[in-house]
Amino acid sequence: MKRIIFTWGLAAGVIFTTAAVEYSNDFSRTSMGSWKSKKSVGKFLHNKNDGHNAKGCLEIITESDNPKKSSFCFLKHFAVKPGKTYNAIVWIKVLKTDPDSNFYLGIQGQDKKKHFLGLPPVSVKLKGENAPEDWKRMVLTFTVPSKGKWAEAAYLLCTIGMNNNKDGQVLFDDFSFFESEKK
């Protein structure tokens, strides 16, 4: 069955369509890899009682002694090709936050050995003061450049997480990643 997904291209303002989702996870049973900065104090959890469309989602909770300048993220690698456009979508619900914290959906380029390309991450962010108290969709659309350092990209490391949050709790659910074709 063909599933058509429409999303607004951030930079080009073009409508993209795709015939199949390459990866989707409702987190009802499974999780993703995780990473946190040094000296960060908190937990990566699978919350079985909450969720966007059904029970089961990912959760990050910082501990009371967590430093303000800390980062936490769930992560997953995806094989990509320069010149192609990709979309990442995740639903987010913030339960506890500091006003100047950040919640994000981001990507980082990696070569065929999964070494970073040395380029800055590309992301969409929500500030803590604007964080949703109910489920909100975050969308990142990105075309992997076929010139310069990006031409070496074989993988995108997709990250969903939070930073600068001394006392935080956030939920993520219904994640998908897929390639788009210009129509």
Side-chain angles (χ1 to χ4, degrees), residues 1-27 30-37 44 52-53 57-58 60 70-94 101-127 130-132 135-164 170-183:
M1 177 175 93
K2 269 191 171 179
R3 180 176 173 200
I4 303 297
I5 297 173
F6 293 96
T7 188
W8 186 253
L10 295 176
V14 178
I15 293 181
F16 297 95
T17 62
T18 184
V21 173
E22 290 183 6
Y23 177 87
S24 65
N25 193 336
D26 68 0
F27 304 123
T30 60
S31 188
M32 294 171 76
S34 60
W35 174 89
K36 64 182 178 178
S37 56
F44 295 97
H52 172 247
N53 281 324
C57 61
L58 299 182
I60 300 172
S70 61
S71 293
F72 297 82
C73 66
F74 289 102
L75 46 88
K76 180 138 181 80
H77 291 91
F78 296 98
V80 297
K81 293 181 181 175
K84 299 285 186 178
T85 300
Y86 299 91
N87 301 280
I89 299 172
V90 71
W91 287 82
I92 179 173
K93 181 178 178 182
V94 178
S101 61
N102 294 301
F103 300 91
Y104 59 87
L105 166 60
I107 56 164
Q108 297 179 57
Q110 296 184 318
D111 65 17
K112 62 184 175 184
K113 293 183 180 178
K114 294 186 180 173
H115 296 137
F116 289 103
L117 297 177
L119 299 166
V122 176
S123 63
V124 291
K125 295 180 184 178
L126 290 170
K127 288 294 279 178
N130 301 321
W135 290 101
K136 179 178 175 103
R137 187 173 76 149
M138 295 180 78
V139 178
L140 176 61
T141 299
F142 181 72
T143 301
V144 179
S146 54
K147 294 182 180 177
K149 196 76 171 155
W150 275 108
E152 299 173 31
Y155 293 93
L156 289 180
L157 176 64
C158 191
T159 58
I160 53 175
M162 68 178 176
N163 60 25
N164 300 333
V170 62
L171 305 176
F172 296 101
D173 203 3
D174 297 334
F175 175 79
S176 60
F177 184 90
F178 54 93
E179 180 184 337
S180 296
E181 296 180 24
K182 286 186 181 182
K183 288 286 179 174

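Given the structure is predicted, the values throughout are model-derived calculations rather than measurements.
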- prompt: Any chance the rings of Tyr23 and Phe78 have centres within less than 6.0 Å?
  reply: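 Tyr23 vs Phe78: aromatic centres under 6.0 Å.
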message: Is it the case that the ring center of Phe44 lies less than 6.0 angstrom away from the ring center of Phe74?
response: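 So the answer is yes for these two rings.
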field: Where at least one partner belongs to residues 70-92, residue pairs that pass salt bridge (charged side-chain N to carboxylate O under 4.0 Å, His left out), sequence neighbours excluded
entry: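 Residue pairs with at least one partner in residues 70-92: Lys84-Glu179.
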message: Taking salt bridge (charged side-chain N to carboxylate O under 4.0 Å, His left out) as the cut-off, I'd like each qualifying pair that reaches into residues 101-113, sequence neighbours left out, listed once.
response: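 The answer is none; no pair qualifies.
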- prompt: Who passes side chain to side chain contact (heavy atoms under 4.5 Å, CB included) against Ser37, sequence neighbours left out?
  reply: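 Scan of Ser37 (side chain to side chain contact (heavy atoms under 4.5 Å, CB included), adjacent residues dropped) gives Trp35, Ser40, Ser70, Ser71.
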- prompt: Out of curiosity, Leu140 CG to Leu156 CG, how far, rounded to the nearest 0.5 Å?
  reply: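 Leu140 CG to Leu156 CG: 9.0 Å, rounded to 0.5 Å.
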- prompt: For the atom pair CG (Asn87) and OG1 (Thr143), what is the distance rounded to the nearest 0.5 Å?
  reply: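 Reported value, rounded in 0.5 Å steps: 9.0 Å.
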- prompt: Could you walk me through whether Ile92 and Val170 pass the side-chain contact (heavy atoms from CB on, under 4.5 Å) check?
  reply: CA-CA 7 Å; Ile92 179 173; Val170 62; 3.7 Å; yes
Looking at side-chain heavy atoms only, is the closest gap between [X] and [Y] below 4.5 Å?
| X | Y | value |
| --- | --- | --- |
| Tyr104 | Cys73 | yes |
| Met32 | Ile160 | yes |
| Asn25 | Phe172 | no |

task: List for me each residue that meets salt bridge (Lys or Arg N to Asp or Glu O under 4.0 Å) alongside Lys149, sequence neighbours excluded, and say none if there are none.
output: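 Partners of Lys149 by the salt bridge (Lys or Arg N to Asp or Glu O under 4.0 Å) criterion, ordered by chain and then number, come out as Glu152.
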message: Restricting to side chain to side chain donor-acceptor pair (under 3.5 Å), what partner residues turn up for Ser101, sequence neighbours left out?
response: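 Per chain and number, Ser101 pairs via side chain to side chain donor-acceptor pair (under 3.5 Å) with Thr97.
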Please list every donor-acceptor pair under 3.5 Å in which a side-chain atom of residues 115-127 meets a protein atom from a residue at least two apart or in another chain.
| unit_1 | atom_1 | unit_2 | atom_2 | d |
| --- | --- | --- | --- | --- |
| Lys127 | NZ | Asp100 | O | 3.2 |

Evaluation steps, side-chain contact (heavy atoms from CB on, under 4.5 Å), between Leu105 and Cys158: CA-CA 7 Å; Leu105 166 60; Cys158 191; 3.8 Å; yes
message: Evaluate Asn53 against Trp91 for side-chain contact (heavy atoms from CB on, under 4.5 Å), listing each step before the verdict.
response: CA-CA 10 Å; Asn53 281 324; Trp91 287 82; 5.8 Å; no
